[in-house]
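First listed ligand is number 1; within each ligand, the first listed atom is number 1.
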Amino acid sequence: MALASGVRFAPRALLRPWALLRGTTLGRTEPAAGGGGDGARRFGSQRVLVEPDAASGVAVMKLRNPPVNALSLELLTELVISLEKLENDKTFRGIILTSDCPRVFCAGLDLTEICGRNPAHCAEYWKAMQELWLRMYLSSLVLVAAINGACPAGGCIIALSCDCRVLADNPKYRIGLNETLLGIIAPFWLKDTYVNTIGHRASEQALQLGSLFPPAEALQVGLVDQVVPEDQVQSTALSEMARWLAVPDHARQLTKNMMRKATADRLLRQRDADTQNFVSFVCRDSIQKSLQAYLEKLRQRKG
Ligand SMILES: CC/C=C\C/C=C\CCC/C=C/CC(=O)SCCNC(=O)CCNC(=O)[C@H](O)C(C)(C)COP(=O)(O)OP(=O)(O)OC[C@H]1O[C@@H](n2cnc3c(N)ncnc32)[C@H](O)[C@@H]1OP(=O)(O)O
């Protein structure tokens with residue numbers, strides 16, 4: 001992704017995204033309900049709906065992988081492709097990322113992708129997770145998360161990869177990295193993202209305790225930038241976007257790169273080792289058992 005200055009952000013190292021999209025509708029363009037001109041046309045895929053507004057240069061990207069927007073391999077892949085499509089289109093300067101699923105922004109990793117799967121699948125899945133994080137974290141576009149639902153673990157990482165976060169004021173919409181409560185460990189780049197956002201001491205505490213913060217606490221600790229009534233999340237996200245877009249792109253992009261590159265480079269340098277660590281960790285019998293038990297608990301909670 002080349003910047004105006006010629007500086008490159010994330011490398012184009014993506015796996016084989018298109019191969020994963022058999023049977024999906026990515027790339028289809030259709031008029032938005034009630035829409036007319038180019039600015040009102042939406043596109044996307046089965047799991048990612050993109051509503052572009054060419055006039056403002058802002059696209060709203062909605063996660064729609066019901067029931068909880070778990071980050072399946074397909075969703076990860078479709079997100080990367082939609083992001084790339086917008087980045088390559090000079091019309092767009094910003095994306096508002098939100099959820100199309102009621103009450104949940106994103107439930108994090110799709111645990112069914114790493115439970116009872118073989119090591120090759122877990123590796124492919126983890127590489128897709130790394131890829132999305134790298135693309136989002138270093139995106140040249142302004143990314144604003146309009147968090148309109150629960151936002152645990154991988155969902156929190158998606159939000160933290162954005163430049164700004166607006167959270168709906170609902171005590172059920174908690175945000176944080178709760179990995180330890182599942183018996184798993186956030187890898188270093190999730191930890192780094194946390195530390196970069198809320199600082200070392202707060203991260204140390206929150207990561208070990210697996211804290212999920214309700215809105216007021218999330219604001220206080222610095223995990224989100226604004227907490228607003230639920231019906232004002234989108235409008236506030238748009239106002240935030242306007243504030244970020246008021247800055248000249250090249251200056252903002254280079255500054256973002258300066259702030260984030262070292263963190264991304266750390267993963268880039270040890271991507272394969274990180275994948276191997278992940279696979280050997282999650283494929284352990286003991287970890288498989290605790291993931292299985294956690295999934296079971298989630299399923300039973302429902303009834
Ligand atoms: C040495 C170290 C080396 C390497 C590192 C090792 C490991 C690193 C791994 C680290 C990364 C982890 C990041 C993660 O994201 S882990 C996932 C954590 N996610 C959660 O804990 C969220 C779990 N879900 C919930 O809390 C709730 O579902 C939620 C609040 C999101 C929504 O609640 P609601 O009441 O609306 O829905 P539910 O009834 O609970 O769920 C509906 C159905 O969805 C299923 N579900 C929920 N979450 C997940 C998920 N994450 N993956 C898969 N499926 C999920 C749930 O079971 C229900 O299913 P059905 O009953 O309908 O079948």
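Which parts of ligand 1 touch Gly154 is read off a 4.0 Å heavy-atom cut-off, strictly below it: atoms 13 (C), 14 (C), 15 (O). Listed by number with element, the atoms of ligand 1 under 4.0 Å from a non-hydrogen atom of Pro67 are 42 (C), 43 (C), 44 (O). For ligand 1, the atoms closer than 4.0 angstrom to any heavy atom of Pro152 are 22 (C). For ligand 1 and Phe278, the ligand atoms under 4.0 Å from any heavy atom of the residue are 4 (C), 6 (C), 7 (C), 8 (C), 9 (C). Listed by number with element, the atoms of ligand 1 under 4.0 angstrom from any heavy atom of Gly108 are 15 (O). Each of the following atoms of ligand 1 lies closer than 4.0 Å to a heavy atom of Ile185: 5 (C), 6 (C), 7 (C), 8 (C), 9 (C), 10 (C).
By the 30° and 60° cut-offs, the orientation of the rings of Phe278 relative to Trp126 is parallel.
Neither the backbone nor the side chain of Ile157 comes within 4.0 Å of ligand 1, counting heavy atoms alone. Contacts between Asp110 and ligand 1, counted as non-hydrogen atom pairs separated by less than 4.0 Å, involve both the backbone and the side chain. Contacts between Phe281 and ligand 1 below 4.0 angstrom, taking non-hydrogen atoms only, involve the side chain exclusively. Looking at Ala107 against ligand 1, both its backbone and its side chain come within 4.0 Å, counting heavy atoms. Residue contacts with ligand 1, taken as heavy atom pairs separated by less than 4.0 Å, involve Arg299 via backbone and side-chain atoms alike. With a 4.0 Å cut-off on non-hydrogen atoms, Asn178 touches ligand 1 through its side chain and not its backbone. Residue-level proximity to ligand 1 for Val104 is carried by the side chain, the only part with a heavy atom below 4.0 angstrom.
The distance from atom SG of Cys101 to atom NZ of Lys62, rounded to the nearest 0.5 Å, is 11.0 Å. Atom OG of Ser140 and atom CG of Leu86 lie 10.5 Å apart (nearest 0.5 Å). Residue Ile185 holds its CD1 atom at 3.5 Å from CZ of Phe281, rounded to the nearest 0.5 Å.
Checked by distance only, ligand 1 and Val68 stay at 3.5 Å or farther apart across all their nitrogen or oxygen atoms.
Between Arg103 and ligand 1 there is no heavy-atom distance shorter than 4.0 Å.
Under a 4.0 Å N-O distance rule, the pair Arg243/Glu240 qualifies as a salt bridge. A salt bridge does not link Glu131 to Lys127: none of the charged side-chain nitrogens sits closer than 4.0 Å to a carboxylate oxygen.
A donor-acceptor contact closer than 3.5 angstrom links the side chains of Thr275 and Gln130. Side-chain contact annotation: Asp53 with Ser56, donor-acceptor N/O pair under 3.5 Å present.
In this structure, Arg260 satisfies the cation-pi test against Tyr137, with its NZ or CZ atom closer than 6.0 Å to the six-membered ring centre and inside 45 degrees of the ring normal.
With distances taken over non-hydrogen atoms, the option nearest atom 16 (S) of ligand 1 out of Thr180, Ile287, Leu182 is Leu182. Between atom 3 (C) of ligand 1 and the options Asn277, Leu212, Thr275, Leu298, the minimum heavy-atom separation is to Asn277.
In terms of modelled atom types and a separation under 3.5 Å, the side chain of Glu87 and the main chain of Ser82 share no donor-acceptor contact.
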